[in-house]
Protein chains: 2
Amino acid sequence: MVTLKDVAREAGVSPKTVSRVVNDDPAVNIETRKAVAEIIARMHYVPDHAARMMRMSHSSVVGLMTDAVATTPYSVDIVRGTQAGLREQSRTMLIANTDGDRQQEQEYWRMFRAHKVAGVVYATMYHRPADLGIPDFERGIVLANCYSARRSHSSVVPDDEGGGYTQARHLIELGHRRIGIVSLSPVLRATVLRGAGYRTAFAEGGLLYDPALEIPGFITRPDGGEDLVAYDAALGLLRRPDRPTAIICGNDQIAMQIYAAAATLGLSIPDDLSVMGFDDMTVITRTLKPMLTSVALPYFEIGRTAVDILSRINGETEGPVVPQVQVPCPLVVRQSCRQLG
Amino acid sequence: MVTLKDVAREAGVSPKTVSRVVNDDPAVNIETRKAVAEIIARMHYVPDHAARMMRMSHSSVVGLMTDAVATTPYSVDIVRGTQAGLREQSRTMLIANTDGDRQQEQEYWRMFRAHKVAGVVYATMYHRPADLGIPDFERGIVLANCYSARRSHSSVVPDDEGGGYTQARHLIELGHRRIGIVSLSPVLRATVLRGAGYRTAFAEGGLLYDPALEIPGFITRPDGGEDLVAYDAALGLLRRPDRPTAIICGNDQIAMQIYAAAATLGLSIPDDLSVMGFDDMTVITRTLKPMLTSVALPYFEIGRTAVDILSRINGETEGPVVPQVQVPCPLVVRQSCRQLG
DNA sequence: TCAGGTTGTGACAGCGATGTCAATCTCAAA
DNA sequence: TTTGAGATTGACATCGCTGTCACAACCTGA
């Protein structure tokens, strides 16, 4: 390990001066600075993070605690977004995936404390209320994709209501008047919020919201698991005499099953039926034939924004600390929705 | 921050004794130990990681460098597996996602150095040769899902050949004699290895390998991107007069498109056609109707094994440091393949 | 009773960095 | 020439922890 002292000896200056160069302290003669910088490069000196952290009693590392987010195809982009945000601040990230286990979570909070992380981004797989169960953490905490039931922390969540609105609005603009909905499990907050979005768009377009045309595509079992029943839901909708010309889906998996149901009934997408996904999981949306028009969950942006808020909380960046940011869900148009008549 | 000294003062012992208790040093009187432990708990003392690390000049943190692995639905499980392995060693993980950018990668190597990580797991999205371009890193490095062209590092990779064998073998055991293959891009190592597996299984089953029945489902563009052409490939195969009774896919996305092609031609799965996926991406395999039989890429195991090897390299665990571990790809049977005859 | 362990505990130094404060040097105005 | 302000630089202590070593208290067996 090359240390400050080594560099200082080599350069014939005091360690403190090297430290100044490393930290861009302006109070260094330009000549000295250049000479020292050169030696630093030549010797491959890298400042020891531990020593620095100890001296300054705070770390440049941020903790990312996730329930299952780092592990599901849905929402890994939160991780990427968080990292992108941190990179701009020359920071890095300790990641802790709890798999939803309380005990592990406790352990990792301790670990974050031991590492004196500069803050924590707490991300969840689903948009849901989060109960942190750690009241005594001294550093900033920002919730990503979840929100504090007790409003004790700032949160960054997708604008599900807007997303629902966007889905419906797009179909209405294409001329659809009978729109079916195969939604997520009714217990999810996203379902409620998007429902509100649908209604707003429907009202604006002069459509009536018909509850008979909304069917859950996922059903939550008593044990907490979920069953995907979108295929049957879709068959039900599509066999109606007044079958919808378009279906809004709660996510892209539901859309996949709608494609399957349409194929079963000999309906062609988008000629006989338009399908609108949610999430924009590219593995699905770009693999389906025709490719699926969807509304994206802005996970990357959510992660990035969470980092922003965090540095505001810590007072490192200017800007207000808002209690909640809603990140818009953009429409991604592909080939599964067609213009009517 | 509660420090050792605080605890020591409170307990009326020396800091060193508290340190001993924290580190389970047996040379502490049982009474003293109990008393101190109690005070530690009461004061919520958490040992400062930075100080410890500085004193002991090595960290309990391992670096995980990925190209895009943390961000793709394919392979996030490497992250989980790595974490699971580390957790058993009471270690944690700094994560660095390079998005394939050399410059970022350099930055993160520096960062790992600064953090004095105990080792690095270098994971890639595809099973491929990796060129680390960092010859002077002092700590152990293990490659996950990739391998060193210069054999300079140990690696943990999926057993693609075995996976291919498993795919073919299962279909042959079900009585299929004409088996089509829609493979990944021919430039991938996985494609070559699995091809070998197919041939072995075919030979064992007394089948002839017919090159006309193997078509790429992905095509690599000159710009490096990939086009998914499995749908057309499948149509080609399925329109042949001697159409195969089963198709082996290079991954589950290909399988999705095969389902679409089959639907187009009015073929029912599995009655008219059996389909065998690869990867076992549950978002796809469990959403398709019927659910897709697939061979899993053991990403979790790969991550976990990489950690194992790492601690062997570092001499923390007994066991040989093998140059390469091939992790088997298990068969996951669902409903897309049927018994013939 | 005493030499020679064994056990339990503490004093002290030092890991590598930086904040504090003082020392030195330069230059221009008095 | 003197003086004060500003620019550069360095000496030193210190962050929280643990390795080393010394020391006291207590055994053990001859």
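Remember, predicted model here, so these are calculated numbers, not experimental data. Because only heavy atoms are used, hydrogens play no part in the values below, and waters and symmetry mates are left out as well, while side chains stay in. Below, chains carry the letters A, B, ... as their sequence lines are ordered, and counting in each starts from 1.
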Closest listed nucleotide, where the reference is the side chain of A:D48 and the choices are C:dG10, C:dG16, D:dT9: C:dG16

Quiz question: going by heavy-atom distance under 3.5 Å, is there a donor-acceptor pair between the base of D:dT14 and the side chain of A:R55? yes

N/O (side chain, A:T17) to phosphate O (OP1/OP2, D:dT9) under 4.0 Å: no

Any donor-acceptor pair under 3.5 Å joining the side chain of B:K5 to the base of D:dG16? no

Heavy atoms under 4.0 Å, any strand shown: does A:S57 hit a base, just sugar-phosphate, or nothing? nothing

Quick one: is A:S14 getting a side-chain N or O under 4.0 Å of the D:dG10 phosphate, OP1 or OP2? yes

Side chains of A:R52 and A:N23: any donor to acceptor distance under 3.5 Å? yes

What contact category does A:V22 fall into here, base, sugar-phosphate, or nothing, at under 4.0 angstrom with non-hydrogen atoms? nothing

Ring-plane angle category for A:H127 and A:Y147, please: parallel below 30°, perpendicular beyond 60°, tilted otherwise. perpendicular

Between C:dT7 and B:N29, is there an OP1 or OP2 to side-chain N/O distance shorter than 4.0 Å? no

Nearest heavy atom decides the nucleotide; on that basis, is B:I30 or B:A51 closer to the 5' end of DNA chain C? B:I30

Going by atom types only, do B:Y45 and B:E10 share a side-chain donor-acceptor pair under 3.5 Å? no

Are any of B:R20's side-chain N or O atoms less than 4.0 Å away from OP1 or OP2 of C:dG8? no

For the CD atom on A:E138, are there more than 12 heavy atoms of other groups (residues, nucleotides or ligands in this structure) within a distance under 6.0 Å? yes

